Amino acid sequence: MPITQLTAEDLILFEEDIATEFNAGMIRAPVHLYYGCEQSMLDVFENVRPQDWVLCSWRSHYQSLLKGVPPAEVKAEIMAGRSITLCFPEYRVLSSAIVTGILPIATGIALGIKRRGGSEKVWCFLGEMTAETGTAYESIKYATNHDLPVHFVVEDNGKSVCTDTRKTWNQEKLTWEDTSHPKVTYYRYETKYPHAGAGVRVQF
Amino acid sequence: MDWLAQDPRVMFLGQAVEYAGTAMTNTLKDVPREKLLEMPVDEELQMGITTGLALDGSVPVSIYPRWNFLLLATNQLVSHLDKIHTMSRGGYAPKAIIRTGIGSERPLHPGHQHVGDYTEAFRLMCKWVEVIRLDEPEQIFPAYEKALLREDGRSTLIVEWGDYYSEK
């Protein structure tokens, strides 16, 4: 039973609203919008419970909404310029705008849960470029070998900012593509939004 | 360390924590074994895990025997542990104790990659983590006492002098 009853359409409409606000110059900070991964995200959140942690990168609107943060509260934080590091402690949502930053922290929270015998789980979202880094390899290896209650969700939109991930690594098939791992979910999607912003250059 | 270990929230992690290896190991010899967690040599991962443990409610004492090793965890220390409280507008307040040392130069000089003291640089980089350097023995207990008992939500980075283990 998911935490919210939000649909794919609800998620898309939320981001479109934020895009409109951004393009109108109403948000004086970067926003990183999702599009095209709604069903994959809804599938992941079928298994996320209220007591679980959700750790994200700079793109975290969908996760915050699906973890149960009221849409008005999420929007208020975005309008206040905090989209890039959304944090909702009462909902156990934590984000970092630094590549790989959240992975070792997710691992540590999971280690703490296991050491005290807790039942919570940590869900950690990362992009495909992050997933190719040493920090990702180390965090997933440590979490797997110690069987920590954490699950990593690799979201592949093919790009790191505007850089082609596969081209830079000279690697057609990425590490987690078409693999099966008990602690990793991988999905690929195509977005209609740029890395940051919503398509209109906004001069402040 | 024995006094810190009496607090049920406290655990110690790092390299040469469960195993012999550094001067700091000796300071943990009377700490109950279940409180010690040996880590892989992976400074960035260790600091992130430290922050995660603190977010979960532990007070981790994260040990980096030398400043030069701690440099490898700078991203997690400066951009995460030091910033999470601000990023979350006070909602998250991970309390960790980071313990590092200025490498000893006597009787053996271990080379220039092992004797750095970056205390002032990290004081400039950290806005929320308090950096305390222990220059005299009488500073030791008050510094660790403050680090453990503080209620302002801040973490503490405590710097020890390797040469003083035998000289002071």
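What you see below is based on every heavy atom in this structure, not just the backbone, and it leaves out hydrogens, waters and symmetry mates. Every chain is numbered from 1, with letters handed out A, B, ... down the list of sequences. For clarity, every value in this text was computed on a predicted model and none was experimentally measured.
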Asks: Flag yes if more than 12 heavy atoms outside A/Trp169 fall under 6.0 Å of its CH2 atom; otherwise flag no.
Replies: no

Asks: Do A/Arg82 and B/Arg89 make a side-chain contact, defined as non-hydrogen atoms from C-beta onward lying under 4.5 Å apart?
Replies: yes

Asks: Are more than 12 heavy atoms, taken from residues, nucleotides or ligands other than A/Glu16, located less than 6.0 Å from that residue's CD atom?
Replies: yes

Asks: Give, as side chain, backbone, both or neither, the part of B/Ile84 having an atom under 4.5 angstrom from any heavy atom of chain A.
Replies: side chain

Asks: Please state whether the side chain, the backbone, both or neither of B/Pro94 comes within less than 4.5 Å of a heavy atom of chain A.
Replies: neither

Asks: For chain B, which of A/Glu77, A/Glu90, A/Arg92 has the most heavy-atom pairs under 4.5 Å?
Replies: A/Glu77

Asks: Restricting to non-hydrogen atoms, name the atom on B/Glu34 and the atom on A/Arg115 that form the minimum distance, rounded to 0.1 Å.
Replies: O-NH2, 3.1 Å

Asks: If you count heavy-atom pairs under 4.5 Å between each of A/Leu94, A/Ile102, A/Leu103 and chain B, which one has the most?
Replies: A/Leu94

Asks: Taking atom CD1 of A/Ile98 and atom NZ of B/Lys83, what is their separation to the nearest 0.5 Å?
Replies: 9.5 Å

Asks: Looking at A/Cys87 and B/Tyr92, what are the two nearest heavy atoms and their distance?
Replies: CB-CE1, 4.1 Å

Asks: Measuring heavy-atom distances to chain A, does B/Leu81 have an atom under 4.5 Å in its side chain, in its backbone, in both, or in neither?
Replies: neither

Asks: Suppose a student defines contact as a heavy atom less than 4.5 Å from any heavy atom of chain A. Which residues in residues 41-58 of chain B would they list?
Replies: B/Asp42, B/Glu44, B/Leu45, B/Gly48, B/Ile49, B/Thr51, B/Gly52, B/Leu53, B/Leu55, B/Asp56

Asks: Looking at A/Tyr137, I'd like to know if its OH atom is crowded, meaning that more than 12 non-hydrogen atoms belonging to other residues, nucleotides or ligands lie closer than 6.0 Å.
Replies: no

Asks: Taking atom CD of B/Glu167 as the centre, report whether more than 12 heavy atoms of other residues, nucleotides or ligands fall under 6.0 Å from it.
Replies: yes

Asks: Output the option from A/Thr85, A/Ile109, A/Leu86 having the highest count of non-hydrogen pairs under 4.5 Å with chain B.
Replies: A/Ile109

Asks: Counting heavy-atom pairs closer than 4.5 Å to chain B, which one of A/Val122, A/Thr135, A/Ile113, A/Ile84 comes out on top?
Replies: A/Ile113

Asks: So for A/Tyr142, is it side chain, backbone, both, or neither that comes closer than 4.5 Å to the heavy atoms of chain B?
Replies: side chain

Asks: Mark yes when over 12 heavy atoms from residues, nucleotides or ligands other than B/Arg33 sit less than 6.0 Å from its CZ; otherwise mark no.
Replies: no

Asks: For the residue pair B/Gln76 and A/Ile105, establish whether any side-chain heavy-atom pair is separated by less than 4.5 Å.
Replies: yes

